[in-house]
There are 2 protein chains.
Amino acid sequence: MLTIGKLGTSTGVKVPTIRYYEQIGLLPEAERSAGNQRLYSRKALERLAFIRHARDLGFTLEAIRDLLSLSDSPDQPCAAADAIARAQLLEVESRLARLTALKAELERMVEQCAGGSIADCRVIEVLGDHSLCGSDHRHAELIQA
Amino acid sequence: MLTIGKLGTSTGVKVPTIRYYEQIGLLPEAERSAGNQRLYSRKALERLAFIRHARDLGFTLEAIRDLLSLSDSPDQPCAAADAIARAQLLEVESRLARLTALKAELERMVEQCAGGSIADCRVIEVLGDHSLCGSDHRHAELIQA
DNA sequence: CTAATGTCTCTAGCAACTATAGGTTCAAGG
DNA sequence: CCTTGAACCTATAGTTGCTAGAGACATTAG
C-alpha cells in the first residue's frame, strides 16, 4: 500500500491533484490508515496512471470519466472508446490548424518591427488596425486552441 | 456615442465581456447616459477592437494590458512591445510542437483499433499501459497546449 | 400607452487545477 | 523515549477569461 505522496511521485501527479480527482469522483475514495491517511493499492495506481496518460494526451476529465467506465466493462464493444479517441484527434487537428494560422500572423507582425519607437511600432499598429494584418482578414476565433 | 450593444456588435465582443473588461480595468469606466446606461466614443471602440484583435492572436489579458499601456506612450521605444509579441510567438510555436506530437500519438492509437470489444481495445490498452505507446515514451506535459 | 427589447447590478458557475491556513500523524535521529 | 521535521489531513479561496442567471430599470417601435 502506498501513501498519497508515493503514489504522486510514482505517477507524476501532484498530491492535491490526486485528492481533487477523488473529490470529483474520478478516483474512488481511498482506504485509510489508522491515522486517517489515504492508502492506495496497485490497482489504484494503475487507474491514476491511466488518468495521467489520458490527460497527457489532452483528453478532458469528462472524456476520461467515460473511458474509465468503458474500461470497467470489458465485454462492451469498443466503438465508444474509439469514438472518444477519434473526437480527441479531431480536436487536436483543429487546434493545430488554428495555431498554424496564428503563428503565421505573429511572425509577420514581429518581422516587421524596425525597432523604433512605439509611435511607429508595427506590433501596436497591426493590433490597432485589423486591416493591416495578413492577406485574409478573417482570423477571429483562432484561439481557444 | 454607442450603446454597449452597438459596441458589441461592431467589435464582435459580447456585451457581458465588455462589462467584464471594464470591471478588470482593461477598459476605462464608460460614460453614462441620463438613464445610467454606458455610452462609448469612437476612441473606446478602437481600444476594444485592439483588445479583440490581440485576443484573437492569443495574447493573454495581462499581455494586452501591457500592450495597451505601451500604446498609450508613443515616445517609448517599441522594444517592450516587440518582446511581448515575440514571447507570444514562442508560446504558439511551443504549443504547435506539443500538439503535433499529440496528434501522432492519437493517430497511432486510433488506427490500431480493430473494432472488437473493450477487452482487447487498443485505445483502452494504450491508455492503461504507458509502455505501449509510440517509440519514445516521454510525452508528459504535452498538454496545456 | 404598452410591449418588447436592451440595459443595469450582482452573484455564481465553467475547467482543471493550485495555493493557503491551521491542524494531525508518521518516521528517523539523539 | 522524545523531539523534530516532513508528510499528511480538511476546508476554503484563487487562477483565466469569460458565460449565465435573476430581478429591476431604460429605451424605443408601433
Side-chain angles (χ1 to χ4, degrees), chain A residues 1-27 29-40 44 48 50-68 87-88 91 95 98 140-145, chain B residues 1-27 29-40 44 48 50-68 88 91 95 140-145:
Chain A
M1 293 302 239
L2 301 166
T3 64
I4 197 171
K6 307 283 183 192
L7 180 67
T9 49
S10 46
T11 54
V13 178
K14 285 178 193 143
V15 167
T17 304
I18 299 174
R19 288 195 279 250
Y20 168 72
Y21 287 163
E22 177 181 314
Q23 188 192 310
I24 64 169
L26 205 60
L27 288 174
E29 291 196 7
E31 294 176 55
R32 298 297 181 117
S33 72
N36 197 37
Q37 301 195 345
R38 288 175 182 80
L39 290 178
Y40 295 92
L48 182 56
F50 183 105
I51 295 171
R52 171 74 207 266
H53 197 177
R55 284 298 292 137
D56 285 346
L57 290 170
F59 289 91
T60 65
L61 294 184
E62 259 322 286
I64 294 172
R65 207 185 284 276
D66 293 344
L67 288 168
L68 280 169
Q88 173 63 12
E91 174 67 28
R95 286 193 204 178
R98 284 178 289 168
E141 285 143 36
L142 287 180
I143 59 164
Q144 283 130 26
Chain B
M1 291 303 240
L2 302 165
T3 65
I4 196 169
K6 307 284 184 191
L7 180 67
T9 49
S10 46
T11 54
V13 178
K14 285 179 193 142
V15 167
T17 304
I18 299 174
R19 288 197 278 250
Y20 168 72
Y21 287 163
E22 177 181 313
Q23 188 192 307
I24 64 169
L26 208 57
L27 288 175
E29 291 195 9
E31 292 177 56
R32 298 298 181 115
S33 72
N36 198 36
Q37 302 197 343
R38 288 174 180 81
L39 291 179
Y40 294 92
L48 182 55
F50 183 105
I51 295 171
R52 171 74 206 267
H53 196 178
R55 283 299 293 139
D56 285 347
L57 291 171
F59 289 91
T60 65
L61 293 184
E62 260 321 287
I64 294 172
R65 207 185 284 277
D66 293 344
L67 288 168
L68 280 170
Q88 173 62 12
E91 174 66 29
R95 287 193 205 178
E141 285 142 34
L142 287 180
I143 58 163
Q144 282 130 26

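Here is the naming used below: chain letters follow the sequence lines, and residue numbers restart at 1 for every chain.
Using a 4.5 Å heavy-atom cutoff, the side chains of A/Leu61 and A/Arg55 are in contact. Looking at heavy atoms from C-beta onward, A/Tyr40 lies out of side-chain contact with A/Leu48 at the 4.5 angstrom threshold.
Close to D/dT27, at under 4.0 Å from its OP1 or OP2, lies a side-chain N or O of B/Ser33. Phosphate proximity of D/dG17 to B/Tyr21: absent, as no side-chain N or O sits under 4.0 Å from OP1 or OP2. Distances shorter than 4.0 Å separate some side-chain N or O of A/Arg55 from OP1 or OP2 on C/dC17. At the phosphate of D/dT19, OP1 or OP2 sits under 4.0 Å from a side-chain N or O atom of B/Lys14.
Take the nearest nucleotide of DNA chain D for A/Gln23 and for A/Asn36: the residue whose nucleotide is more 5' is A/Asn36. Of the two residues contacting DNA chain C, namely B/Leu39 and A/Pro16, the nearest-nucleotide position lying further toward the 5' end is that of B/Leu39. Between A/Gln37 and A/Thr17, the residue anchored closer to the 5' end of DNA chain C is A/Thr17, taking for each the nucleotide with the nearest heavy atom.
The B/Tyr20 side chain lies nearest to D/dT19 when the options are D/dT19, C/dC8, C/dA16. In this structure, of D/dC8, C/dA16, C/dT9, it is C/dT9 that holds the atom nearest to the side chain of B/Arg32. Among D/dG17, D/dT19, D/dC8, the nucleotide with an atom closest to any side-chain atom of A/Thr3 is D/dC8.
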inquiry  = Please evaluate residues A/Arg38 and A/Arg19 with respect to the criterion side chain to side chain contact (heavy atoms under 4.5 Å, CB included), reporting the C-alpha separation (whole Å), side-chain torsions for both, the decisive distance (0.1 Å), and the verdict.
reply    = CA-CA 9 Å; A/Arg38 288 175 182 80; A/Arg19 288 195 279 250; 3.4 Å; yes
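Among the protein residues, A/Ile4 comes within range of the sugar-phosphate backbone only, with heavy atoms under 4.0 Å from sugar or phosphate atoms but none that close to a base. Contact annotation for A/Arg38: backbone-only contact, meaning every heavy-atom pair under 4.0 Å involves sugar-phosphate atoms and none involves a base.
What you find for B/Ser10 and B/Leu2 is that their closest heavy atoms are OG-CD1, 4.4 Å.
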